[in-house]
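Okay, structure first, notes after.
Note: hydrogens, waters and symmetry copies are ignored here, and every other heavy atom, side chains too, is used.
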Amino acid sequence: MLIEQLRKDKMAALKEKDTLRNGVVTILISNVSGLAKELKRDLTVEEEMNVLQKELKQTNETLSTIPESRSEMIADTKRKIEIIQSYLPKQMSKEEVKEYIIQKINGLKEKGEEVPELSPKNYNKMLMSELAGRSDGKTIASAVVELAKELK
């Protein structure tokens with residue numbers, strides 16, 4: 001489980017006196033365990049990845065608001081992003097998502113199932129659970145839109 005790995009990493013950060021890593025890992029532990037308490041059960045891997053994705057998105061948004069003159073703060077925020085990403089699977093590029101969608105469509109055709117129209121509305125819902133932690137909604141939607149244009 002992710003929470004166990006986070007706790008081990010927190011102890012290691014404390015021993016190494018890495019206050020930035022300790023802080024980030026503490027936030028992740030808090031967010032993951034908070035959701036588990038709220039749901040009154042252990043989280044699924046998908047739910048854990050969603051918590052990490054949300055924290056990553058917030059940290060990226062924070063980075064975009066930091067003035068360029070605050071170089072130390074920018075460096076710390078970039079390191080926070082790297083720390084969070086280290087707990088997520090490698091993120092798929094838009095091209096990799098497009099390839100995944102094509103494979104998905106071909107798989108549906110082989111099974112004789114109906115292939116939904118290529119639109120973010122149809123594919124985001126279907127792919128978000130399959131690609132949890134490996135891609136976000138914006139990347140999937142963008143890939144679907146580009147693929148729809150390419151296949152016209």
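Summarising the geometry of Ser135 relative to Ile140, their closest heavy-atom pair is OG-CG1, 3.7 Å, with the distance given to 0.1 Å. The two residues Lys10 and Thr26 come nearest to each other via the heavy atoms NZ-OG1, 2.7 Å. Nearest approach of Ala143 to Val97, heavy atoms of both residues: CB-CG1, 3.6 Å. Val32 and Ile3 get closest at one heavy-atom pair: CG1-CD1, 3.9 Å.
Side-chain atoms of Gln53 and Lys57, non-hydrogen and from C-beta on, never get closer than 4.5 Å to each other. Arg79 is listed as a side-chain neighbour of Arg21, based on a closest heavy-atom distance under 4.5 Å. In this structure the side chain of Val51 never reaches within 4.5 angstrom of the side chain of Leu2, judged on heavy atoms.
Residues Val115 and Val145 do not share a hydrophobic cluster, clusters being chains of Ile/Leu/Val/Met/Phe/Trp/Tyr side chains in contact below 4.5 Å. By the criterion of side-chain heavy atoms lying less than 4.5 angstrom apart, applied directly or through intervening Ile, Leu, Val, Met, Phe, Trp or Tyr residues, Leu39 is grouped together with Met49 in one hydrophobic cluster. Under a hydrophobic-cluster definition in which Ile, Leu, Val, Met, Phe, Trp and Tyr are linked whenever side-chain heavy atoms come within less than 4.5 Å, directly or via other members, Leu56 and Ile27 are assigned to different clusters.
Partners of Glu47 according to the side chain to side chain donor-acceptor pair (under 3.5 Å) rule, which considers only residues two or more places apart in sequence or in another chain, are Arg41, Thr44. Lys138 pairs by the side chain to side chain donor-acceptor pair (under 3.5 Å) definition with nothing, not counting sequence neighbours. For Glu113, the side chain to side chain contact (heavy atoms under 4.5 Å, CB included) partners two or more places apart in sequence, or in a different chain, are Leu108, Lys111. With sequence neighbours excluded, the residues forming a side chain to side chain contact (heavy atoms under 4.5 Å, CB included) with Ala36 are Leu43, listed by chain and number. With sequence neighbours left out, Met126 forms a side chain to side chain contact (heavy atoms under 4.5 Å, CB included) with Lys104, Pro116, Tyr123, Glu130. Not a single side chain to side chain donor-acceptor pair (under 3.5 Å) links Glu4 to another residue, sequence neighbours left out. Residues satisfying the salt bridge (charged side-chain N to carboxylate O under 4.0 Å, His left out) criterion with Lys78, sequence neighbours excluded, are absent altogether. The salt bridge (charged side-chain N to carboxylate O under 4.0 Å, His left out) search around Lys15 returns none, not counting sequence neighbours. Under the side chain to side chain contact (heavy atoms under 4.5 Å, CB included) criterion, Ser86 pairs with no residue, sequence neighbours left out. Annotation: side chain to side chain donor-acceptor pair (under 3.5 Å) contacts of Glu55 (sequence neighbours excluded): Asn31.
Between Glu96 and Arg134 there is no salt bridge, since no side-chain N of the basic residue sits under 4.0 Å from a carboxylate O of the acidic one.
Hydrophobic cluster membership for Leu14: Met11 (Ile, Leu, Val, Met, Phe, Trp, Tyr linked by side-chain heavy atoms under 4.5 Å, directly or transitively).
For the atom pair Asn122 CG and Leu118 CG, the distance stands at 8.5 Å (nearest 0.5 Å). Note that CZ of Arg7 and CD1 of Ile29 are 6.0 Å apart. Values are rounded to the nearest 0.5 Å. Separating the OG1 atom in Thr77 from the CG atom in Leu20 is a distance of 8.5 Å, to the nearest 0.5 Å. Here Ile66 contributes atom CD1 and Glu72 contributes atom CD; the two are 11.0 Å apart, rounded to the nearest 0.5 Å. Of the inter-residue distances, the one linking Ser30 atom OG with Lys37 atom NZ reads 8.0 Å to the nearest 0.5 angstrom. Rounded to the nearest 0.5 angstrom, Leu147 CG and Ile101 CD1 are separated by 5.5 Å.
Applying the side-chain hydrogen bond (donor to acceptor under 3.5 Å, both in side chains) definition to pairs two or more places apart or across chains, none involves residues 59-68.
One N or O on the side chain of Gln91 and one on the backbone of Pro89 form a donor-acceptor pair closer than 3.5 Å.
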